[in-house]
Student: 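After the structure tokens below, expect a handful of questions from me.
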Amino acid sequence: MKRLLITGMILMSLPVVAQQPLADSVISEEAAREILGYLASDQLKGRSNGRPERYEAAAYLAQQFQQAGLKPLYGQKSLLIPFFPQTITEDGPIPIPQADIVLWNGDFLQTDHFEFFLTDAAAYTDKSLGSFEVIALDSLDSGLLRRYAASPGGDLLLWAKKPFSDKNKLPETWTLPPNGIQRNVLIVVHDNAPKTMVVQADPDYYHTLLFNVVGVLPGDSLPGEIVAYTSHYDHMGVDPGERRDSILNGANDNASGTTAVVLLARYFSQLKNNSRTLLFCAFAGEEWGLLGSREFMKEINPKAVVAGINIEMIGIAQYGKKKVFITGQDQSPLGKTLARSLSAAGLKVIRERDPERQLYSRSDNYSFVKAGVPAHTIMSSDDEDRCYHQPCDEVKRINFEHFIAVVKAVAAINEFKIQK
Ligand SMILES: [Zn+2]
């Protein structure tokens with residue numbers, strides 16, 4: 001069984017200080033309607049991972065986080081963190097598509113003769129030979145990145161000085177350094193030494209980029225311990241087979257959870273009493289298999305995260321007003337803590353209707369769980385809702401009174417009840 005708990009127990013009990021007036025003014029129906037209404041509007045065309053509107057959604061959320069006063073994650077330049085929607089099969093990851101065009105002594109290299117690994121694709125500019133440190137290699141193997149790119153440095157060209165052949169070709173897959181690639185690395189197989197070289201971006205490559213939106217509110221007395229509030233903002237886009245209404249707006253799934261995370265960011269940054277560091281994450285790529293949260297786990301040290309609180313589909317009161325459930329509630333002590341806290345805040349916490357549906361492993365909390373972090377999803381509706389992944393998942397169905405009650409209860413979760 002997977003490790004769900006970090007060893008070592010700290011249980012601090014401090015009095016709960018009611019912050020009702022602030023919650024009432026920040027977590028309001030008016031604010032919720034504005035944010036959720038925009039995210040689920042036809043303008044964003046269903047926030048598909050494959051459509052350009054995903055940038056609009058990501059940029060809007062980054063702006064919301066910035067206005068709330070959140071800072072970029074340590075080591076990131078921006079609240080927007082780009083990643084590639086990389087598919088992982090049973091045999092391991094499918095290599096990321098070729099990013100670039102390489103002109104080598106005036107000739108275009110064939111795409112299977114090189115591979116370019118970038119630490120920050122969004123900040124990419126065209127490069128020439130002069131910007132690279134060049135290391136000539138006698139052979140190629142899948143461990144090159146571990147050996148040469150595990151620590152920071154300038155652009156690196158690893159040149160395998162042999163004619164390209166079945167024997168001298170790039171490995172199918174690469175072993176990444178434990179903390180990811182720390183410098184840009186271009187790997188080339190060619191029998192002529194480089195005299196001139198130009199590396200140009202292939203725009204198609206950038207069209208596939210997705211963005212997680214992540215903001216930080218540093219803690220004052222326990223800044224090294226993190227509580228993460230998460231949701232996914234992507235949805236299913238447009239279904240051309242639907243004639244009357246082709247846009248899958250995803251108001252409940254998951255503009256509702258994303259709106260909750262924005263409101264929580266506003267609330268906690270005005271409250272200004274968080275001991276632990278709070279992370280607010282809006283993930284892309286969830287509908288394609290939790291891709292955004294999986295990538296995000298590479299950006300942080302999971303051991304620093306004491307709790308992942310994921311929010312999904314809280315705009316519909318499928319099991320009754322103010323009724324929520326916690327996916328995989330018994331899988332960690334955090335599940336029970338969340339249940340107790342939400343009950344104390346006035347919600348009725350019911351049992352997950354049908355654990356066979358595996359909701360626990362079907363949302364972004366599970367990427368945290370796989371990294372050893374206790375994490376659950378708070379929901380008030382599930383895939384039994386008649387508009388789940390249908391064009392009728394629209395703003396007009398959202399029960400805002402219920403939604404606000406749930407968000408306020410999440411805001412009232414006492415961080416000191418969360419054990420490390
Ligand atoms: Zn969802």
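As the structure is a computational prediction, the values presented were derived from the model and not from experiment. Start at 1 and go down the list; that is how both ligands and their atoms are numbered.
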Student: Could you list the residues that satisfy ring-ring contact (aromatic ring centres under 6.0 Å, His included) with His232, not counting sequence neighbours?
Tutor: none
Student: Give a yes or no on whether Glu287 keeps an N, O or S atom under 2.8 Å from the Zn ion (ligand 1).
Tutor: no
Student: Ring-plane angle category for Trp159 and Trp104, please: parallel below 30°, perpendicular beyond 60°, tilted otherwise.
Tutor: tilted
Student: So, 2.8 Å as the limit: is an N/O/S atom of His235 located closer than that to the Zn ion (ligand 1)?
Tutor: no
Student: For the Zn ion (ligand 1), find the closest N/O/S atom on Glu312 and give its atom name.
Tutor: OE1
Student: With a 4.5 Å limit on heavy-atom distance, are the side chains of Lys370 and Met297 in contact?
Tutor: no
Student: Confirm or rule out an N/O/S atom of Asp253, from backbone or side chain, lying less than 2.8 Å from the Zn ion (ligand 1).
Tutor: yes
Student: Could you tell me which residues satisfy ring-ring contact (aromatic ring centres under 6.0 Å, His included) with Tyr388, sequence neighbours excluded, listed by chain and number?
Tutor: none
